[in-house]
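Written below as structure tokens is the structure these notes are about.
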Amino acid sequence: LLQLTKKLIEIRQVLLSIDQSDALKLPSIVVIGSQSSGKSSVLEAIVGHEFLPKGDNMVTRRPIELTLVHTPHDGSTTAPPEYGVFPSLGAQKVTSFPAIQRTLTELNQSVPASIAVSSDPIYLRIHSPHVPDLTLVDLPGYIQISSMDQPEELKEKISALCDRYIQEPNIILAVCAADVDLANSAALRASRRVDPLGSRTIGVVTKMDLVSAEVGAGILKGNRYPLHLGYVGVVCKAPTGLGSGRIRRGGESPNLTGAVLRREKEFFGNAENARWFYPSSSERSLSRSSSSLIMSPADDMAGKVMVGTDTLRKRLMVVLETSMAANLSGITNAVQLELEEASYQFKVQYNDRRITPEAYVAETVDALKVRFKEFTCQFTKPQVRSKLKAMLDDKVMDILEQLYWADQRAAELSRLGEDKRLQPDDLDNYWKYKLDTASSLLTKSGVGRDSTQLVAEGLRGLIDSLATGEPFTFHPEVADRIIQFSRAILRERLGLTADQVENCIKPYKYEVEVDEREWEIGRQQSEEAFNLEIARCEGKLADIKKKVGGTRKLSSLVSFVHDIEKRDAERTRRRFGSFGGAAQEDPVEKTEEESPLPDSYKYSPAQVADGKYSLASLCRLAALFSDRLAILKARHKALQSKRCRMGPEQKAFCPEAFLSVVAEKLAYTSTMFINIELLEQFFYQFPREIDSRILYDLDRNEIAKFARENPVVKRHLDLQDRKDKLEQVMMSLQSLANMRQEKEPRSTRS
Ligand code: GDP
């Protein structure tokens with residue numbers, strides 16, 4: 001029958017893990033008593049080890065919910081190991097009792113002294129072949145006299161905390177010291193309030209050695225304060241050196257059981273005392289009388305005398321088992337109700353659809369791969385090529401600006417182009433060199449590096465958007481992992497790809513052959529690019545115009561700036577030109593020529609200080625843009641000209657078209673190798689990394705944690721878990737009920 005407690009203790013663990021309501025609480029033995037009544041000594045005698053926090057000021061600040069799990073010998077020569085587990089600190093086994101004591105002390109002291117007592121319990125499980133299956137709760141001791149450092153509130157706080165625990169269906173272990181009048185026992189007073197008949201209260205009278213055997217036996221008879229479950233007298237003062245108020249560091253605490261039993265045997269069994277404690281019968285009849293309690297929990301123990309820690313243990317087992325049995329149907333009903341509610345909710349909310357964290361991880365990974373695949377469509381060769389071409393077009397514009405538009409002779413090239421008699425070979429070498437320079441500026445501008453970077457950046461952006469999108473908003477750690485490993489792949493491929501691309505475009509650094517078709521495409525694309533550039537320039541000018549106040553004003557301002565520039569150039573030539581050396585500057589001349597804006601262009605200060613540009617710098621900008629616009633238009637005309645349409649041999653006349661063709665060839669070649677060296681590799685590797693770094697790399701706990709990071713999944717899993725656990729509990733309860741039904745008739749027969 002003792003299996004019942006063990007099974008129900010297991011059930012209790014399951015119920016605890018799903019945050020049970022009070023209705024689901026299985027009975028536990030609650031230990032109450034005044035400070036120094038010997039409460040700790042009794043608990044430690046039951047466990048057989050010193051493990052409770054010791055100290056001068058109040059040491060138990062939180063309830064300690066202690067579960068004792070009996071681990072039976074499996075028949076081998078070595079006994080099963082004894083260890084403790086603190087479920088709130090993980091499943092780790094604490095194998096030494098001094099270590100358990102230290103942890104309990106720390107957990108206790110985590111309650112600040114200002115709060116003194118907390119109702120937040122410490123859970124501790126002790127597995128041992130020497131303990132019975134029991135659940136016990138150690139509570140702070142009642143304080144008798146409030147002193148300076150133990151204010152009145154504290155007394156009430158402790159009282160209130162104990163009151164919560166001594167409610168039904170718990171069994172109350174009221175600890176009283178033999179040398180203190182029972183009338184003064186705070187424990188008995190409290191238990192009488194909730195259990196007037198003492199039907200679930202066991203009295204434990206400690207320090208029996210401090211009173212005469214006659215007086216002791218008198219107390220145990222319980223005539224003054226009768227308890228149905230009776231009193232047990234014990235002597236469990238720890239041997240000197242133990243329990244003396246200090247935590248002993250290191251070393252194993254010796255097993256207390258032997259020492260306590262010896263002392264009790266000496267005390268209760270000596271010739272002088274035995275007649276008081278074992279009046280007529282032997283110990284055996286005592287234990288038989290307690291085993292009769294199994295069937296009748298309300299058996300009146302008043303008048304009978306029970307002594308010894310061993311008796312107490314057996315008594316507790318019997319009483320707990322009996323109480324468990326009595327509560328079985330109530331608990332079963334409560335669990336059944338909870339289960340029905342959970343099942344109903346599960347049906348309504350999730351249509352009985354079951355999920356597992358593993359499946360969620362797998363689904364998430366699959367979805368990620370699908371989205372990745374969709375995204376990779378943005379990286380087809382034509383798309384990559386057009387991105388690269390755009391980047392190279394920008395480079396071409398920069399080169400043109402640097403080499404042609406800023407050149408004083410730029411206008412000359414357009415004029416020459418109109419001269420129909422002029423053959424390409426007749427063109428001034430100046431222009432031929434210029435074209436070679438432009439071409440090599442472009443081909444040697446670091447195309448390998450830049451184009452690889454550009455595509456890699458695109459990939460980085462793609463991964464970032466995957467990793468920051470749903471559902472990874474819930475999974476920042478995994479999102480970070482994705483970003484990290486994708487960056488790592490890119491880093492690994494980057495240098496290699498850049499070198500490879502650079503190598504493959506190498507021939508273009510020496511010569512670029514262009515055929516008619518390529519030429520025409522290049523010419524047209526360049527024309528388009530010029531159209532855009534012209535529009536951009538015009539836009540800028542229009543902006544300035546708006547700021548300055550109209551076209552007329554602007555054009556006269558621009559010509560004014562031009563005038564100044566011309567005069568400056570003239571002056572410089574006069575000063576340095578003929579000698580080629582530094583002439584002395586003439587301050588007088590400068591002041592004379594320092595020409596402020598003419599009166600008609602006077603503006604209010606507000607207009608002048610428009611934005612970050614002064615009027616003067618606006619004018620200079622405007623002059624710049626209108627100069628550029630003139631060249632752009634001239635070049636645009638050149639691109640449309642007959643000569644330019646004639647073909648690639650005209651390239652020195654139309655450097656724009658030529659450079660556009662070069663850019664196209666560079667883009668084409670780069671794309672080809674970026675595709676092989678970077679994209680293909682990345683697209684192959686990324687999904688595999690997802691598998692190995694997420695799907696296979698997470699352990700069970702990490703998978704569970706990952707799934708629960710998503711609140712929707714968490715709710716689903718929590719309800720499902722609750723339902724499962726309740727079902728499991730229900731099954732255990734039912735099988736227990738069946739077992740009892742089978743057993744009962746047989747035991748009555750015997
Ligand atoms: P608690 O404050 O109620 O937990 O009491 P303790 O277990 O710490 O015991 C208080 C004091 O009483 C300690 O000094 C113990 O050594 C002593 N004590 C406990 N049990 C006995 C006993 O059976 N006989 C004697 N003489 N002293 C005891």
Side-chain angles (χ1 to χ4, degrees), residues 28-46 52-66 104-105 107-109 111-122 136-168 170-196 198 200-208 210-211 219 222 224-225 227 229 231-234 236-238 243 245 312 316:
S28 198
I29 298 165
V30 177
V31 189
I32 54 170
S34 305
Q35 266 185 345
S36 297
S37 59
K39 214 158 51 67
S40 318
S41 305
V42 170
L43 269 168
E44 288 178 344
I46 292 171
L52 288 167
K54 302 279 151 65
D56 294 332
N57 58 19
M58 209 196 40
V59 277
T60 305
R61 294 182 174 176
R62 302 167 63 179
I64 302 173
E65 297 209 5
L66 182 63
L104 279 176
T105 307
L107 288 171
N108 244 315
Q109 280 164 354
V111 178
S114 58
I115 294 178
V117 167
S118 154
S119 60
D120 179 27
I122 300 170
L136 295 149
V137 186
D138 182 30
L139 289 161
Y142 290 109
I143 44 182
Q144 304 293 10
I145 332 131
S146 328
S147 62
M148 282 293 279
D149 53 340
Q150 292 180 337
E152 192 67 25
E153 290 156 49
L154 181 59
K155 207 172 154 178
E156 278 158 24
K157 249 184 173 174
I158 294 173
S159 210
L161 178 60
C162 292
D163 282 351
R164 276 185 38 194
Y165 273 94
I166 58 179
Q167 301 302 324
E168 278 193 283
N170 286 342
I171 292 150
I172 303 166
L173 200 70
V175 179
C176 329
D179 61 339
V180 177
D181 190 346
L182 286 200
N184 292 331
S185 164
L188 282 180
R189 263 206 309 275
S191 88
R192 253 200 311 278
R193 273 204 312 276
V194 291
D195 177 30
R200 53 185 182 92
T201 304
I202 302 179
V204 175
V205 183
T206 58
K207 310 189 189 181
M208 289 291 287
L210 296 185
V211 293
I219 298 172
R224 269 177 74 199
Y225 301 102
L227 293 174
L229 298 183
Y231 289 88
V232 183
V234 296
C236 45
K237 183 187 175 167
L312 175 63
L316 290 179

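Residue Arg164 holds its CZ atom at 10.0 Å from CG of Leu139, rounded to the nearest 0.5 Å. With rounding to the nearest 0.5 angstrom, the CD1 atom of Ile122 is 11.0 Å from the CZ atom of Arg61. A distance of 10.5 Å separates CG in Asp181 from SG in Cys176, rounded to the nearest 0.5 Å. Going from atom OG of Ser159 over to atom OH of Tyr142 covers 5.5 Å, rounded to the nearest 0.5 Å.
Arg62 places no side-chain N or O within donor-acceptor distance of the main-chain N or O of Val111, the cut-off being under 3.5 Å. Of the possible donor and acceptor atoms, none in the side chain of Thr105 sits under 3.5 Å from a partner among the backbone N and O of Pro53. Not one N or O on the side chain of Ser34 forms a donor-acceptor pair closer than 3.5 Å with the backbone of Ser37.
At least one side-chain heavy atom of Leu316 sits under 4.5 Å from a side-chain heavy atom of Ile46. Residues Ile219 and Leu182 meet the side-chain proximity criterion, which asks for heavy atoms closer than 4.5 Å. Residues Val234 and Val205 are not in side-chain contact: their nearest non-hydrogen atoms beyond the backbone lie 4.5 Å or more apart. At least one side-chain heavy atom of Leu154 sits less than 4.5 Å from a side-chain heavy atom of Ile143. At a threshold of 4.5 Å between non-hydrogen side-chain atoms, the residues Ile29 and Asn170 do not count as touching. By the 4.5 Å heavy-atom criterion applied to side chains, Ile172 and Ile202 are not counted as neighbours. At a threshold of 4.5 Å between non-hydrogen side-chain atoms, the residues Ile64 and Leu104 count as touching.
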| message | For Val31 and Val137: C-alpha separation, side-chain torsions, deciding distance, then whether side chain to side chain contact (heavy atoms under 4.5 Å, CB included) applies. | response | CA-CA 6 Å; Val31 189; Val137 186; over 6 Å; no
| task | Under the side chain to side chain donor-acceptor pair (under 3.5 Å) rule, what do Asp195 and Thr201 come out as? Steps first, then yes or no, please. | result | CA-CA 7 Å; Asp195 177 30; Thr201 304; 2.6 Å; yes
| field | Test log, rule side chain to side chain contact (heavy atoms under 4.5 Å, CB included), inputs Ile171 and Val30 | value | CA-CA 6 Å; Ile171 292 150; Val30 177; over 6 Å; no
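A search for side chain to side chain contact (heavy atoms under 4.5 Å, CB included) contacts involving Arg189 returns Ala186, Arg192, not counting sequence neighbours.
Salt bridge annotation for Asp179-Lys207: absent, with no cationic side-chain nitrogen under 4.0 angstrom from a carboxylate oxygen. Using a 4.0 Å cut-off between charged nitrogen and carboxylate oxygen, Glu44 and Lys54 count as a salt-bridge pair.
Here the closest heavy-atom approach between residue Ser119 and residue Tyr165 is recorded as O-OH, 4.4 Å. Residues Ile166 and Val194 share a closest heavy-atom pair of O-CG2, 3.7 Å. Residues Lys39 and Gly141 share a closest heavy-atom pair of CE-CA, 3.9 Å. Residues Leu227 and Gly203 approach most closely at CD1-N, 3.5 Å, considering heavy atoms. When all heavy atoms of Ala190 and Ile32 are compared, the pair lying nearest together is CB-CD1, 4.3 Å. Minimum heavy-atom separation, Ser118 to Leu161: O-CD2, 3.9 Å.
Residue Gln167 qualifies as enclosed at atom CD: its count of foreign heavy atoms under 6.0 Å is above 12.
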